Amino acid sequence: MAHMQDYIARLEDGYRAATPRSRELFERSLVHMPGGAKGAYYYKPYPLAMERGEGCHLHDVDGRSYVDFTNHHTSLIVGHRHPAVLAAVDKQMQKGITLSAPVGIESENAAEICSRVPSVEKLRFCNSGTEATLHAIRLARGLTDRPKIAKFEGGYHGSHDTVEISVAPPLDRAGPADAPIAVPQVKGISPRALEEIVLLPYGDEAAVEKLVVENREELACVMYDPKAGIMPQKPAFAQFLRRITEENDILLIFDEIVGFSTGRSGLHGRLGIKPDLSTYGKIVGGGFPVGAFGGRADIMELLDGTKAPSGFFQSGSFSAHPLGMAAGLATLQQLTTEAFAHLENLSERLCNGLNGLFEEEAFEAQAVHNGAVFSIHFTKDELINYRSIAAADKTMSYPIFLSLLEEGYLLSYGMAMNSISLPTRERDIDGLIAAFGRLIRNMKGASR
Ligand code: PMP
C-alpha cells in the first residue's frame, strides 16, 4: 500500500512538473468561481486546461497532446474542429448569432432526428439534457395527472430536483436491493421530490413489476437511463419495461442523451422498443448546449400553441439556438451507418484488447462498450445493476488516469462513459491498449 502511495506521489509530481500553466489557470479560476470553472471539470491535483482540439486530439496549455477519449462528455462524436461542423456554424454565424426568430435550420435538425428514430414523431429543442428530462416529465405528469415518477437506482437524468435522486447513493444508505430507498444526490433537493419518486432496481423484473404495480395509480412515467456503454445491455429487460408500462398505462421515457452515440436510431431502436417519449442531448447540439425531447405526436402536440390552449407550454430564450442547430445537424449528417460501424469496430477492438490484457495480467477489471461509448470497471463481477458498479474498486482509476495522461491518452477521470470519435484510428486504440499494459505492469511492480 505504501508503495502504491509512492507510485501515485511520483505520478502527481510528474503531472505538476509537466503542467505549470494549467495549474496557474486553475488557481486563477478559484478566485471568482467556487472550485473552478465547473464541478465536472475538477480532478486531482488540478484539471488540465486545454488550448485547442483537432480531430481526435486535444492540446493542453503547456504544449502537451492527448488522444481524446472524452469528447466533451461524449458530445463531440465527430471529433474536434470537424470541417463540416465548423463550416455549418460559420455559415450560420455570418448571418448573426441568433435572430429573435426561427431561422429554418431547426426544422432540418428536427426532421433529421425524426427520420432516424421511428418512435420520435415530433420533438422540441431545449438547452440541455437536464431541460429535456424536465420537460418530458412535466408532459407525463400533466397528461396523466399523476404526481410520481419512477427511475432506476444509479440512473442519471440531469440536475433538476425530480431526478437528482439516488444517482450514486452510498450503499449503506440505499436500502434493500429489490426496493431501493430514495437518497438525495445533493443537498437542497426538495423533500417533496423524495416523496414523489419510486426507485427501481436494474435488471430485476419481479421487483420492478411489483413496484410499478403497487404505485400505478400515482405513477406518471418510468424514466429509463439504459447506461449505454457503461453497463452491458439486456434487450429483454428494455422490452419488459415497455410491456409493463403499457399494461399499467404509464408512460415510458427513454433517456437517449448518451444512447444516441450508440447507433443511427439511438439505443432503443436497436433494442427494438418504442418508448412514448425520449430525451436527447450531447451530440444533437454538435458541442453546443442543446437538448431535445420528443416522441408520440399526440403527446408532443400538447405543446402546440397554434391550437386551442392545452395548458402546456415549453420555451426558453435560447432553445433551438441557430448555432447549436447548425452544429447538431452537421454532426448528425456525419453519423451514417458506416460511421457507426467504424465506431463500433474501434470500441470492440479496444474492449477485446483490454479484456484480453486484464485476463493475461490477472488484473481485476473489465471493459464494456456500446457504439462510441466505453467504460472500464475495476471488478470481475458481472455488471447487473448500479450496486455491482458501485461495489467495484474505486481507488484504481486515479493512478490509471494520471499514468494514461503521461502516455498521451485522456480518458474520463472515473474511467466510465469514455467516448471514441470518428477521426480515431486503429493505431490510437492499439496505443491505448499498449499503454494500459505498461501501466498495469508498473502498478504491479509498485505494489510489491
Ligand atoms: N441523462 C443522461 C443519461 C446523461 O448522461 C446526462 C449528462 N451526462 C444527462 C441526462 C444530463 O444532460 P446535461 O448535462 O446536458 O444536462
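Small disclaimer: the values here were computed from a predicted structure and weren't measured.
Distance check: Ser419 OG to His72 NE2 gives 11.0 Å after rounding to the nearest 0.5 Å. Here CG of Asp298 is found 7.5 Å from CD of Glu121. Values are rounded to the nearest 0.5 Å. With rounding to the nearest 0.5 angstrom, the OG atom of Ser347 is 8.0 Å from the CD1 atom of Ile429. Rounding to the nearest 0.5 angstrom, the gap separating the CZ atom in Phe288 from the NE2 atom in His321 is 8.0 Å. Atom CG of Leu219 and atom CG of Leu251 lie 10.5 Å apart (nearest 0.5 Å). Here the straight-line distance linking atom CD of Glu153 with atom CG of Asp204 works out to 11.5 Å at 0.5 Å rounding.
Between Phe26 and Tyr42, the distance from one ring center to the other falls under 6.0 angstrom. In this structure, Tyr224 has its ring center under 6.0 Å from that of Phe152.
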When the side chains of residues 171-199 are checked against the rest of the protein, which donor-acceptor pairs come out under 3.5 Å, sequence neighbours left out?
residue, atom, partner, partner atom, Å
Gln185, OE1, Val167, N, 3.2
Gln185, OE1, Ala168, N, 2.8
Ser190, OG, Arg192, N, 3.1

Name each donor-acceptor pair under 3.5 Å that joins a side chain in residues 304-313 to protein atoms two or more places apart or in another chain, with its distance.
residue, atom, partner, partner atom, Å
Asp304, OD1, Thr306, N, 2.8
Asp304, OD1, Thr306, OG1, 2.6
Asp304, OD2, Thr306, OG1, 3.4
Asp304, OD2, Lys307, NZ, 3.3
Ser310, OG, Leu302, O, 2.4
Ser310, OG, Phe312, N, 3.1

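Ring-plane geometry between Tyr43 and Tyr413 is classed as parallel, the angle between the planes falling under 30 degrees on a 0 to 90 degree scale with a further cut at 60. Ring planes of Phe293 and His135: parallel class, angle under 30° (limits at 30 and 60°). By the 30° and 60° cut-offs, the orientation of the rings of Phe374 relative to Phe69 is perpendicular.
The residues Glu27 and Arg23 are annotated as salt-bridged, a charged nitrogen and a carboxylate oxygen being separated by less than 4.0 angstrom. Of the charged side-chain nitrogens involved, none lies within less than 4.0 Å of a carboxylate oxygen, so that Asp60 and Arg52 do not count as a salt-bridged pair. Ion pairing between a basic and an acidic side chain is recognised when a charged N comes within 4.0 Å of a carboxylate O; Glu301 and Arg296 show no such pairing. Arg21 and Glu24 are joined by a salt bridge, as a carboxylate oxygen and a charged side-chain nitrogen come within less than 4.0 angstrom of each other. The existence of a salt bridge linking Asp90 and Lys95 is excluded, since no basic side-chain nitrogen approaches an acidic carboxylate oxygen closer than 4.0 Å.
Contact check for Leu335 versus Arg116: side-chain heavy atoms found under the 4.5 Å cut-off.
Residue His342 comes nearest to Leu422 through the heavy atom pair NE2-O, 3.2 Å, listed as atom of the first residue, atom of the second, then distance. Looking at every heavy atom in both residues, Gly158 comes nearest to Thr130 through CA-OG1, 3.3 Å. The two residues Gly129 and Ile257 come nearest to each other via the heavy atoms CA-CD1, 3.5 Å. For Ala84 against Ala330, the heavy-atom pair with the smallest separation is O-CB, 3.7 Å.
In this structure, Lys234 fails the cation-pi test against Phe237, since its NZ or CZ atom is not both closer than 6.0 Å to the six-membered ring centre and inside 45 degrees of the ring normal.
No side-chain donor from either of Thr144 and Arg141 sits under 3.5 Å from a side-chain acceptor of the other.
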Test log, rule salt bridge (charged side-chain N to carboxylate O under 4.0 Å, His left out), inputs Lys227 and Asp225 | CA-CA 6 Å; Lys227 299 237 163 273; Asp225 167 7; 3.2 Å; yes

Take Glu344 and Arg264 through the salt bridge (charged side-chain N to carboxylate O under 4.0 Å, His left out) test and state the conclusion after the steps.
-> CA-CA 12 Å; Glu344 184 75 40; Arg264 239 188 137 264; over 6 Å; no

Report the C-alpha distance between Glu54 and Arg81 in whole Å, list the side-chain angles of each, state the deciding distance to 0.1 Å, and finish with yes or no for salt bridge (charged side-chain N to carboxylate O under 4.0 Å, His left out).
-> CA-CA 6 Å; Glu54 189 72 50; Arg81 300 187 76 249; 2.8 Å; yes

Show your reasoning for whether side-chain contact (heavy atoms from CB on, under 4.5 Å) applies to Ile77 and Phe340.
-> CA-CA 10 Å; Ile77 192 168; Phe340 275 113; 4.1 Å; yes

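Pairs passing the ring pair (Phe, Tyr, Trp, His ring centres under 6.0 Å) check and including a residue from residues 80-107, sequence neighbours excluded, do not occur.
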